[in-house]
Amino acid sequence: MRITVVENEAEAGLGAFAGWLADSGAECEVIRPHAGVPIPRRAGNGLIVLGGTAAAWEDDRFPWLPETRDLLRTSVEDGVPTLGVCLGAQLLTLACGGAVERGEHGLEIGATEIVPLPAAADDPLFTGFGPVPAVQYHGDAMTRLPEGAVPLATGHLYPNQAYRLGERAWGVQFHPEADVEVFIDWTGHSADHLTGLGHSVEELNAGAKAAEERLIRTWRTFAQRFAAVVESTAASG
């Protein structure tokens, strides 16, 4: 069971997903286009596209984005289990005909609550979830989902927090892979910027620490469920 992982920048890696997916029997092949590694034309048994500071349309600054969108589109068409995380979700959205824009409410950051929608009750990844905390760090937003997308979760600042496209592709605006250590590293590297926007880094970090147990419990289950979808799809194919 091999999952292709596209890492858009070194600081936005697999995080806690690395251990959780390995424990589920998945082998992750991490592709690092930011270090010059080309994007493959096809994914393995599954595909995860991670986050990053790029905007999903900034092809001139991040020249691998068109190939990443092509890979996402092909994976959806081929029925490969696919997960787009933050920037990855925005790339999935653009690749499949939706829209992504600068967020009208500015930066969404911290361990904020997402609320599952009715369709989540029957979803392979979200079933059984109530309102749960999720790590957020994004300024762009998915403003129109692709045709046929099933909304799965919403939030206070931006409504499109998670959706499913077809049977096996998911986009999540938040960072299920980011544990508290990763989040604190992010806020540490951008402390001056966050302070300038009026955020308290100390309060953001404290909020993430307070939610740590629920973050681990929820998103470990999510990662395990995604690995199960990859495994069952590979076994049936």
Side-chain angles (χ1 to χ4, degrees), residues 5-15 33-34 39 47-73 75-76 82-115 117 133-147 149-165 169-178 182-183 185-187 189-199 201 204 208 219:
V5 178
V6 177
E7 179 189 273
N8 287 294
E9 65 179 56
E11 292 75 20
L14 268 174
H34 60 86
I39 298 291
L47 172 64
I48 298 174
V49 178
L50 296 169
T53 55
W57 57 84
E58 288 186 309
D59 299 357
D60 56 337
R61 295 183 59 206
F62 305 91
W64 63 87
L65 295 185
E67 288 82 4
T68 304
R69 292 194 299 269
D70 289 345
L71 176 62
L72 284 161
R73 187 183 308 109
S75 296
V76 172
T82 297
L83 175 63
V85 172
C86 199
L87 171 59
Q90 295 165 0
L91 290 167
L92 174 66
T93 300
L94 287 185
C96 296
V100 179
E101 303 173 76
R102 295 295 186 198
E104 62 176 332
H105 304 299
L107 183 67
E108 183 172 33
I109 185 170
T112 68
E113 185 177 79
I114 66 161
V115 180
L117 296 168
V135 168
Q136 302 270 12
Y137 201 141
H138 69 100
D140 299 336
M142 302 179 292
T143 54
R144 187 182 76 251
L145 299 183
E147 184 176 354
V150 178
L152 296 173
T154 189
H156 173 67
L157 203 58
Y158 293 104
N160 292 320
Q161 290 292 334
Y163 70 90
R164 186 182 70 249
L165 190 59
W170 289 267
V172 296
Q173 182 57 81
F174 48 89
H175 286 277
E177 85 291 358
V182 166
F183 180 70
D185 184 61
W186 289 347
T187 60
H189 280 94
S190 57
D192 290 344
H193 174 66
L194 294 173
T195 300
L197 293 175
H199 295 283
V201 171
L204 290 170
W219 303 117

**Student:** Please find the pair of heavy atoms, one from Met142 and one from Tyr163, that lie closest to each other, and give the distance.
**Tutor:**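 Answer, listing the atom of Met142 first, then Tyr163: SD-CE2, 3.8 Å.
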
**Student:** Looking only at non-hydrogen atoms, find the nearest pair between Ser75 and Thr82 and report the distance.
**Tutor:** CB-OG1, 3.4 Å

**Student:** How many angstroms lie between CG in Asn8 and CG in Leu65, if you round to the nearest 0.5 Å?
**Tutor:** 6.5 Å

**Student:** Starting from the C-alpha separation in whole Å, work towards a yes-or-no answer on side chain to side chain contact (heavy atoms under 4.5 Å, CB included) for Glu177 and Leu14.
**Tutor:** CA-CA 6 Å; Glu177 85 291 358; Leu14 268 174; 5.6 Å; no

**Student:** Side chains of residues 66-73: which donor-acceptor partners sit under 3.5 Å, not counting sequence neighbours?
**Tutor:**
residue: Thr68; atom: OG1; partner: Trp64; partner atom: O; Å: 2.9
residue: Arg69; atom: NH1; partner: Ala56; partner atom: O; Å: 3.0
residue: Arg69; atom: NH1; partner: Asp59; partner atom: OD1; Å: 3.0
residue: Arg69; atom: NH2; partner: Asp59; partner atom: OD1; Å: 3.4
residue: Arg69; atom: NH2; partner: Asp59; partner atom: OD2; Å: 2.7
residue: Asp70; atom: OD1; partner: Arg73; partner atom: NH1; Å: 2.9
residue: Arg73; atom: NE; partner: Ala95; partner atom: O; Å: 2.9
residue: Arg73; atom: NH2; partner: Ala95; partner atom: O; Å: 3.4

**Student:** Minimum heavy-atom separation for Leu50 and Gly13, please, with both atom names.
**Tutor:** CD1-C, 3.6 Å

**Student:** Using the rule given for side chain to side chain contact (heavy atoms under 4.5 Å, CB included), can you reason through Tyr137 versus Leu204, listing the C-alpha separation, both sets of side-chain angles and the distance that settles it, and then say yes or no?
**Tutor:** CA-CA 11 Å; Tyr137 201 141; Leu204 290 170; over 6 Å; no

**Student:** Of all heavy-atom pairs between Pro151 and Ala149, which one has the smallest distance, and what is that distance?
**Tutor:** CD-O, 3.5 Å

**Student:** Is any side-chain heavy atom of Leu92 closer than 4.5 Å to one of Val76?
**Tutor:** yes

**Student:** Give, for atom NE2 of His199 and atom CG of Leu107, the distance between the pair rounded to the nearest 0.5 Å.
**Tutor:** 4.5 Å

**Student:** Is there a donor-acceptor pair under 3.5 Å between the side chain of Trp57 and the backbone N or O of Glu101?
**Tutor:** no

**Student:** When rounded to the nearest 0.5 angstrom, what is the spacing between CG in Asn160 and CZ in Arg144?
**Tutor:**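 CZ of Arg144 is found 11.0 Å from CG of Asn160.
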
**Student:** Grab the two heavy atoms, one from Leu87 and one from Gly51, that are nearest each other, plus how far apart they are.
**Tutor:**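 In this case the closest contact between Leu87 and Gly51 is CB-CA, 3.7 Å.
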
**Student:** Could you tell me if the side chain of Phe62 sits less than 4.5 Å from the side chain of Pro33, heavy atoms only?
**Tutor:**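 No. Closest side-chain heavy atoms not under 4.5 Å.
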
**Student:** Looking at Gln173, His175, Gln161, Glu113, which one forms a side-chain hydrogen bond (donor to acceptor under 3.5 Å, both in side chains) with Gln136?
**Tutor:** Gln161

**Student:** Rounded to the nearest 0.5 Å, how far apart are OG1 of Thr112 and CZ of Phe174?
**Tutor:** 9.0 Å

**Student:** Please report the shortest heavy-atom distance between Pro176 and Trp219, naming the atom on each side.
**Tutor:**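 Looks like O-CB, 3.4 Å.
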
**Student:** Looking at side-chain heavy atoms only, is the closest gap between Val6 and Ile39 below 4.5 Å?
**Tutor:** yes

**Student:** Checking Trp170 against Leu152 for the side chain to side chain contact (heavy atoms under 4.5 Å, CB included) test, could you report, in this order, the C-alpha distance in whole Å, the side-chain angles of both residues, the deciding distance, and whether it holds?
**Tutor:** CA-CA 9 Å; Trp170 289 267; Leu152 296 173; 3.7 Å; yes

**Student:** Tell me, please, which residues at least two apart from Leu157 pass side-chain contact (heavy atoms from CB on, under 4.5 Å).
**Tutor:**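 So Leu157 forms a side-chain contact (heavy atoms from CB on, under 4.5 Å) with His105, Glu108.
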
**Student:** For atom CG of Asp60, is the number of surrounding heavy atoms from other residues, nucleotides or ligands below 6.0 Å larger than 12?
**Tutor:** yes

**Student:** When rounded to the nearest 0.5 angstrom, what distance separates CG in Leu194 from NE2 in His189?
**Tutor:** 12.5 Å

**Student:** Once salt bridge (Lys or Arg N to Asp or Glu O under 4.0 Å) is applied, what residue pairs with a partner in residues 83-98 remain, sequence neighbours excluded?
**Tutor:** none

**Student:** When rounded to the nearest 0.5 angstrom, what distance separates CD1 in Ile114 from OG1 in Thr154?
**Tutor:**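 Answer rounded to 0.5 Å: 9.5 Å.
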
**Student:** Do the non-hydrogen side-chain atoms of Tyr158 and Asp140 ever get within less than 4.5 Å of each other?
**Tutor:**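 No, too far: nothing below the 4.5 Å cut-off.
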
